[in-house]
Colleague: 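Take a look at the following structure, please.
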Amino acid sequence: MGFTSHMQAALSEARAAAARGEVPVGAAVVAPSGRVVARAGNRTRELCDPTAHAEILALRAACAAAGSERLPGHALYVTLEPCAMCAAAIAAARIERLVFGASDPKSGGVLHGARVFTHPQAHHAPEVLDGIGADEAQQLLRAFFAARRAP
């Protein structure tokens, strides 16, 4: 079976997050059938909630739709490497495949920093594909932060 990327759905959510003044990170959860079942962008500022990362919001919506706290066979597409909090939630949800765009050497929790999936405490480690849509994801982040720093 071939690989079909759903990163454009996540990038769309990242662009919408930027338009709301949020850090432009987007996520999409894809069911085993290949259908996008949940999408979200960051809403930490809007909701005054430090846990309202795109991944957490998308996982919550997908779990609610599935009627389960676990999403076996599902894939999660994210524009930026998940932080340690989100990586732990991904493991808890039993996501089968994590696909992310830009690496995050400062705050990432998958390939950088905590490397959550490599710890013995991780009950589940998804397949990880990185660099998918990385250029566009990085451009969104750079433009967002450059505009914040401009006088």
Side-chain angles (χ1 to χ4, degrees), residues 5-31 35-66 68-119 121-149:
S5 178
H6 293 274
M7 188 57 76
Q8 284 305 316
L11 286 164
S12 175
E13 291 296 326
R15 287 188 289 274
R20 293 190 304 271
E22 300 277 358
V23 175
V25 177
V29 178
V30 179
R35 186 172 66 88
V36 174
V37 294
R39 302 163 52 134
N42 276 358
R43 291 186 179 276
T44 59
R45 293 184 175 125
E46 175 187 343
L47 299 175
C48 300
D49 180 355
T51 69
H53 290 197
E55 301 95 316
I56 299 294
L57 297 175
L59 288 172
R60 286 177 183 161
C63 286
S68 174
E69 76 279 13
R70 295 192 177 163
L71 299 167
H74 287 66
L76 175 64
Y77 288 78
V78 187
T79 58
L80 181 65
E81 177 182 353
C83 70
M85 173 186 70
C86 292
I90 291 163
R94 305 301 196 264
I95 290 292
E96 183 174 307
R97 177 185 286 166
L98 168 64
V99 181
F100 69 84
S103 290
D104 189 355
K106 181 182 173 193
S107 300
V110 176
L111 300 181
H112 299 90
R115 300 176 197 241
V116 171
F117 303 135
T118 66
H119 288 270
Q121 296 90 346
H123 298 291
H124 171 78
E127 173 188 8
V128 176
L129 301 174
D130 65 306
I132 308 297
D135 290 341
E136 189 172 351
Q138 288 171 338
Q139 288 171 0
L140 282 169
L141 289 160
R142 285 188 186 119
F144 177 82
F145 287 113
R148 290 271 195 242
R149 290 184 202 105

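Since we're looking at a predicted model, the values are computed, not measured.
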Colleague: Please lay out, stage by stage, how V23 and F145 fare under the test side-chain contact (heavy atoms from CB on, under 4.5 Å).
Modeller: CA-CA 8 Å; V23 175; F145 287 113; 4.0 Å; yes
Colleague: Just distance, no hydrogens or angles: give the donor-acceptor pairs under 3.5 Å from side chains in residues 54-65, sequence neighbours left out.
Modeller:
unit_1, atom_1, unit_2, atom_2, d
R60, NH2, T51, OG1, 3.4

Colleague: Looking at every non-hydrogen atom in both residues, tell me the closest pair between M7 and Y77 and how far apart they are.
Modeller: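 Heavy atoms only, the tightest pair is N-CD2, 3.7 Å.
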Colleague: What pair of heavy atoms forms the shortest contact from S12 to R39, and how long is it?
Modeller: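 In this case the closest contact between S12 and R39 is OG-NH2, 3.3 Å.
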Colleague: Can you tell if the side chain of R94 reaches within under 4.5 Å of the side chain of H123, non-hydrogen atoms only?
Modeller: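 A side-chain contact exists here, since the closest heavy-atom pair is under 4.5 Å.
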Colleague: What are the two closest non-hydrogen atoms of P24 and A17, and how far apart are they?
Modeller: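 Looking at all heavy atoms of both residues, the closest pair is CA-CB, 4.2 Å.
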Colleague: Just wondering, do D104 and C83 contact through their side chains at under 4.5 Å, heavy atoms?
Modeller: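 No. Closest side-chain heavy atoms not under 4.5 Å.
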Colleague: Backbone N or O of G41 within a donor-acceptor pair of the H53 side chain at under 3.5 Å?
Modeller: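 Such a contact is absent between H53 side chain and G41 backbone.
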Colleague: Do you know which two heavy atoms are closest between G101 and A134, and how far apart they sit?
Modeller: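 Nearest heavy atoms, G101 then A134: O-CB, 3.5 Å.
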Colleague: Quick one: does H112's side chain get under 4.5 Å of K106's, heavy atoms only?
Modeller: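 No, their side chains stay 4.5 Å or more apart.
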Colleague: Between the side chain of E81 and the main-chain N/O of P105, is any donor-acceptor distance below 3.5 Å?
Modeller: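 Answer holds: no.
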Colleague: Is it the case that the side chain of R97 and the backbone of L76 share a donor-acceptor pair, with hydrogens and angles ignored and the cut-off at 3.5 Å?
Modeller: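 It does not hold such a pair.
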Colleague: So, are E46 and R20 salt-bridged, with charged N and O less than 4.0 Å apart?
Modeller: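 Yes.
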Colleague: Within the 4.5 Å heavy-atom criterion, are L80 and F100 side-chain neighbours or not?
Modeller: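 Heavy-atom side-chain distance check fails, nothing below 4.5 Å.
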Colleague: Donor-acceptor pair, R142 side chain versus Q138 backbone, under 3.5 Å?
Modeller: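 Flag not set: sc R142 to bb Q138 has no pair under 3.5 Å.
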Colleague: Is any side-chain heavy atom of V30 closer than 4.5 Å to one of V37?
Modeller: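 A side-chain contact is absent here, since even the closest heavy-atom pair is not under 4.5 Å.
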Colleague: Go through R70 and H124 one step at a time and tell me if the side-chain contact (heavy atoms from CB on, under 4.5 Å) criterion holds.
Modeller: CA-CA 11 Å; R70 295 192 177 163; H124 171 78; over 6 Å; no
Colleague: Is there a side-chain contact between L140 and T79, using heavy atoms and a 4.5 Å cut-off?
Modeller: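 No. Closest side-chain heavy atoms not under 4.5 Å.
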Colleague: As a test of understanding, state which of V128, V116, I95 forms a side chain to side chain contact (heavy atoms under 4.5 Å, CB included) with I90.
Modeller: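 For I90, the side chain to side chain contact (heavy atoms under 4.5 Å, CB included) check succeeds only for I95.
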Colleague: Are side-chain heavy atoms of P50 and T44 found at a separation under 4.5 Å?
Modeller: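 Heavy-atom side-chain distance check fails, nothing below 4.5 Å.
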Colleague: Tell me, do V110 and L98 make a side-chain contact under 4.5 Å, heavy atoms counted?
Modeller: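 Yes, side chains in contact.
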